[in-house]
Number of protein chains: 2
Amino acid sequence: METNKKRSDCPLSNSLDIFGDKWSLLIIRDLMFFKKCTYKDFLSSAEGIATNILASRLKGLEENGIIEKSAHPDSKAKILYRLAPKGIDLLPIIMEIYIWSDKYFTMPADIKETIKEAKKDKEKFVRQVTKELTIKMMEKKTATDN
Amino acid sequence: METNKKRSDCPLSNSLDIFGDKWSLLIIRDLMFFKKCTYKDFLSSAEGIATNILASRLKGLEENGIIEKSAHPDSKAKILYRLAPKGIDLLPIIMEIYIWSDKYFTMPADIKETIKEAKKDKEKFVRQVTKELTIKMMEKKTATDN
DNA sequence: TATTTGCACTTGCAATTTGCAAGCAAATTT
DNA sequence: AAATTTGCTTGCAAATTGCAAGTGCAAATA
């Protein structure tokens, strides 16, 4: 149960109340970069989130307008999760975390390459990825319209 | 006790292992923007961090090279905390969180004004604040040299 | 000199949150 | 019709958090 009590008027604090934990941004990462969009997809990520924690985080993120649920076109048993615009707008934050990581950690070569791309022109990178995510969002929205 | 086991090779996950909680970035915010630099300063922030959690977070941030301790020039009983370069480099992340907040939250007018400044020229903002923090860091380092 | 105050924690303990295993209903596949 | 998949929920032990009350040391005050 996510309570709604604000710790302070500080927007940083308010933001951390939404995604300031060890799991939320990883779910958002999976939606952004790895085309994961079902419960099972998130469960299968390398970090190994527990199923009850995943359910709790998905609920919180939805309540806060970061993600949205919709029917999966392939099956009624499946639920399709996608980023809402408010979630897509988290991209610059996640990008900067990756860039910071790049300075202080070692990491897989493919990720390093993507970060290099992003660093070359941050705004362009954000624009491109945002566009892709927005298109995907629209497709799924219309395809499973209710 | 902060353990060192990595959940995965993902740099985002590794980063969240360091500052992915409700408190760490608030301490860093206090060091960056509000000239807070003692234990008591952090305790007095609006969010009301508990004293054992503060001690635990300071320890973790120090172990991870985000902050550094030094002797306070005014009193031997006091400890002065400051951002290490690795901590100063978190500025772009925190700035982007503020910018995201600005789009989706209401907030105090003075903070809104600072964000407006930052948005006008992000790189300039980062350069300026980084410079100030680096100068402050050097001053305190030499003043209390050991 | 003795006492009080301030500072940076530590300790104890109850309450909350997390992690793991198992279970479950509805939908789908075989 | 039976087995499997999917998205959860439930139970419970373990870890983390939040709060109050110390603790040890140094500086200030009496």
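A note on names: the letters A, B, ... follow the listed sequences, proteins ahead of strands, and every chain is numbered from 1. Nothing here was measured: the structure is a model prediction, and the numbers come from that model.
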*asked:* Quick check: on DNA chain C, is the nucleotide nearest Asp74(A) upstream (toward 5') of the one nearest Tyr39(B), or the reverse? Name the residue that is more 5'.
replied: Tyr39(B)

[N] [atom2] sits how many Å from [X] [atom1], rounded?
X: Lys78(B); N: dA27(D); atom1: NZ; atom2: P; result: 12 Å
X: Lys22(A); N: dT17(C); atom1: NZ; atom2: P; result: 16 Å
X: Ile79(B); N: dG24(D); atom1: CD1; atom2: P; result: 17 Å
X: Asn52(A); N: dT18(C); atom1: CG; atom2: P; result: 9 Å
X: Leu54(B); N: dT17(D); atom1: CG; atom2: P; result: 13 Å

*OP1 or OP2 of dA26(D) sitting under 4.0 Å from any side-chain N/O of Ser75(B)?*
no

_Trp23(B) side-chain N/O to dT16(D) phosphate OP1/OP2 under 4.0 Å_ = no

*Would you sort out whether Lys112(B) and Thr106(B) count as a side chain to side chain contact (heavy atoms under 4.5 Å, CB included), showing the intermediate values?*
CA-CA 9 Å; Lys112(B) 216 170 166 56; Thr106(B) 56; over 6 Å; no

*NA contact type, Lys69(A), heavy-atom cut-off 4.0 Å: base, sugar-phosphate, or nothing?*
sugar-phosphate

Please determine, for the side chain of [X], which listed nucleotide ([options]) has the closest atom?
X: Ala77(A); options: dT18(C), dA22(C), dT28(C); value: dT28(C)
X: Lys76(A); options: dA8(C), dG12(C), dA27(C); value: dA27(C)
X: Ile53(A); options: dG19(C), dG7(D), dA21(C); value: dG19(C)
X: Lys40(A); options: dG7(D), dG19(C), dC7(C); value: dG7(D)
X: Arg57(B); options: dT9(D), dG19(C), dT17(D); value: dT17(D)

*What heavy-atom pair brings Leu31(A) and Lys136(A) nearest, and what distance separates the two atoms?*
O-NZ, 4.4 Å

*Verify ring-ring contact (aromatic ring centres under 6.0 Å, His included) between Trp100(A) and Phe19(B), making sure each step is shown before the conclusion.*
CA-CA 12 Å; Trp100(A) 181 82; Phe19(B) 57 77; 5.5 Å; yes

*Without swapping roles, check the side chain of Ser56(B) against the backbone of Asn52(B) for a donor-acceptor pair under 3.5 Å.*
no

